[in-house]
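Remarks on the structure that follows.
Counting from 1, the numbers follow the sequence of the chain as shown.
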Amino acid sequence: MSDLTTREVSQRLKEAGFSANTIHNWVLVKDVNGVEDYELKEWYNSDSSPAYSASTLFEWLRAKYHSDPNLALDIQATEITIWLNIGHNPDEEEKEFEYKTSLADMLGESIIWILTQEKENK
């Protein structure tokens with residue numbers, strides 16, 4: 001399951017407005033002692049956050065790149081660099097995302113940044 005986003009990145013994607021088809025969800029569960037923790041499950045409830053696969057996130061980025069002339073991507077083995085020029089801003093924003101924990105999290109972090117920048121510049 002290492003190609004899925006962590007719970008933290010999944011939650012931030014959800015808060016940023018990202019949505020895509022997914023099978024796995026981070027669900028809050030309690031063990032026999034009442035200790036709460038998050039586990040990956042193949043079902044959804046109100047306390048869950050979707051866990052996105054790296055391939056789902058990459059396909060979103062690829063589609064976004066092809067549909068948005070203001071977006072440029074450079075994907076390397078250890079990082080993603082994004083250039084984003086929204087609206088009439090003469091200065092484009094540039095952001096690098098390094099591979100730290102997983103490919104899915106790196107892609108997720110880049111999508112969060114894109115969505116956040118778009119919201120801030122509307």
Side-chain angles (χ1 to χ4, degrees):
M1 301 269 184
S2 64
D3 75 328
L4 297 174
T5 52
T6 59
R7 188 188 70 79
E8 293 78 15
V9 172
S10 297
Q11 185 63 36
R12 290 179 52 228
L13 279 163
K14 184 178 175 181
E15 291 167 0
F18 180 80
S19 66
N21 291 335
T22 183
I23 296 171
H24 294 90
N25 294 281
W26 288 102
V27 179
L28 180 64
V29 294
K30 292 183 182 180
D31 67 11
V32 294
N33 298 321
V35 177
E36 293 182 343
D37 198 4
Y38 286 89
E39 292 182 6
L40 280 171
K41 301 284 186 185
E42 291 187 22
W43 48 272
Y44 172 84
N45 68 26
S46 61
D47 294 328
S48 65
S49 297
Y52 297 105
S53 69
S55 60
T56 297
L57 299 172
F58 179 78
E59 289 301 327
W60 185 93
L61 277 171
R62 187 169 70 137
K64 183 75 171 169
Y65 170 77
H66 287 298
S67 68
D68 190 343
N70 297 313
L71 179 68
L73 302 171
D74 181 23
I75 300 176
Q76 300 294 320
T78 60
E79 67 186 23
I80 297 174
T81 304
I82 300 174
W83 295 271
L84 187 60
N85 190 344
I86 301 173
H88 302 290
N89 182 0
D91 302 319
E92 65 183 9
E93 296 286 332
E94 179 182 336
K95 183 83 171 169
E96 284 187 5
F97 299 89
E98 292 183 10
Y99 186 102
K100 293 180 182 174
T101 57
S102 72
L103 178 60
D105 277 358
M106 180 176 70
L107 295 168
E109 291 286 351
S110 63
I111 290 171
I112 292 165
W113 184 78
I114 290 169
L115 294 173
T116 302
Q117 292 298 310
E118 289 177 343
K119 284 180 184 177
E120 289 177 359
N121 290 296
K122 282 190 174 182

Distance col, row Arg7:CZ vs Tyr38:OH, nearest 0.5 angstrom, shows 4.5 Å
>> Taking the ring centre of each residue, are Tyr52 and Trp60 less than 6.0 Å apart?
In response: no
Interatomic distance, CD@Glu98 vs CD@Glu79, rounded to 0.5 Å, equals 6.0 Å
So OG of Ser10 and CG of Leu40: to nearest 0.5 Å the spacing works out to 8.0 Å
Can Glu109 and Arg12 be counted as an ion pair, charged N to O under 4.0 angstrom?
yes
Open item on the list: With a sphere of 6.0 Å drawn around CG of Asn21, does it hold more than 12 non-hydrogen atoms of other residues, nucleotides or ligands?
Closed with: no
Rounding to 0.5 Å, atoms OG1 (Thr56) and CG (Leu107) come to a distance of 10.5 Å
Modelled atom types, side-chain donor and acceptor of Asp105 and Thr6, under 3.5 Å: yes
*asked:* For Val35, is there any backbone N or O sitting under 3.5 Å from a side-chain donor or acceptor partner on Asn33?
replied: no
**Q.** Minimum side-chain heavy-atom gap Pro50-His24 below 4.5 Å
**A.** no
query = Can any side-chain N or O of Trp26 pair as donor or acceptor with the backbone N or O of Thr5 at less than 3.5 Å?
reply = yes
Contacts of Ser110 meeting side-chain hydrogen bond (donor to acceptor under 3.5 Å, both in side chains) (sequence neighbours excluded), chain-then-number -> none
Practice problem: Please step through side-chain contact (heavy atoms from CB on, under 4.5 Å) for the pair Met106 and Ile80, ending with a clear verdict. | Solution: CA-CA 8 Å; Met106 180 176 70; Ile80 297 174; 3.8 Å; yes
Close side-chain approach of Leu61 to Ile111, heavy-atom, < 4.5 Å:
yes
Practice task
Evaluate the criterion side-chain contact (heavy atoms from CB on, under 4.5 Å) for residue pair Lys64 and Leu71; output intermediate values, then yes/no.
Solution key: CA-CA 8 Å; Lys64 183 75 171 169; Leu71 179 68; 3.5 Å; yes
Check your understanding: Does any non-hydrogen side-chain atom of Thr81 lie less than 4.5 Å from one of Trp83?
Key -> yes
ask   = Is the shortest side-chain N to carboxylate O distance from Lys41 to Glu39 below 4.0 Å?
value = yes
- Message: Test your reading of the model: is there a side-chain donor-acceptor pair from Lys119 to the backbone of Ala16, 3.5 Å cut-off?
- Response: yes
When rounded to the nearest 0.5 Å, the distance separating CG of Asn70 from CD1 of Ile114 is 11.5 Å
Open item on the list: Any non-hydrogen side-chain atom of Phe97 less than 4.5 Å from a side-chain atom of Ile82?
Closed with: yes
query = Is a side-chain donor or acceptor of Thr22 paired with a backbone partner of Ala51 at a separation under 3.5 angstrom?
reply = yes
Checklist entry - Is there a side-chain contact between Asp3 and Leu103, using heavy atoms and a 4.5 Å cut-off? => result no
CD1 (Ile112) and CD (Glu15) are apart, to the nearest 0.5 Å, by 8.5 Å
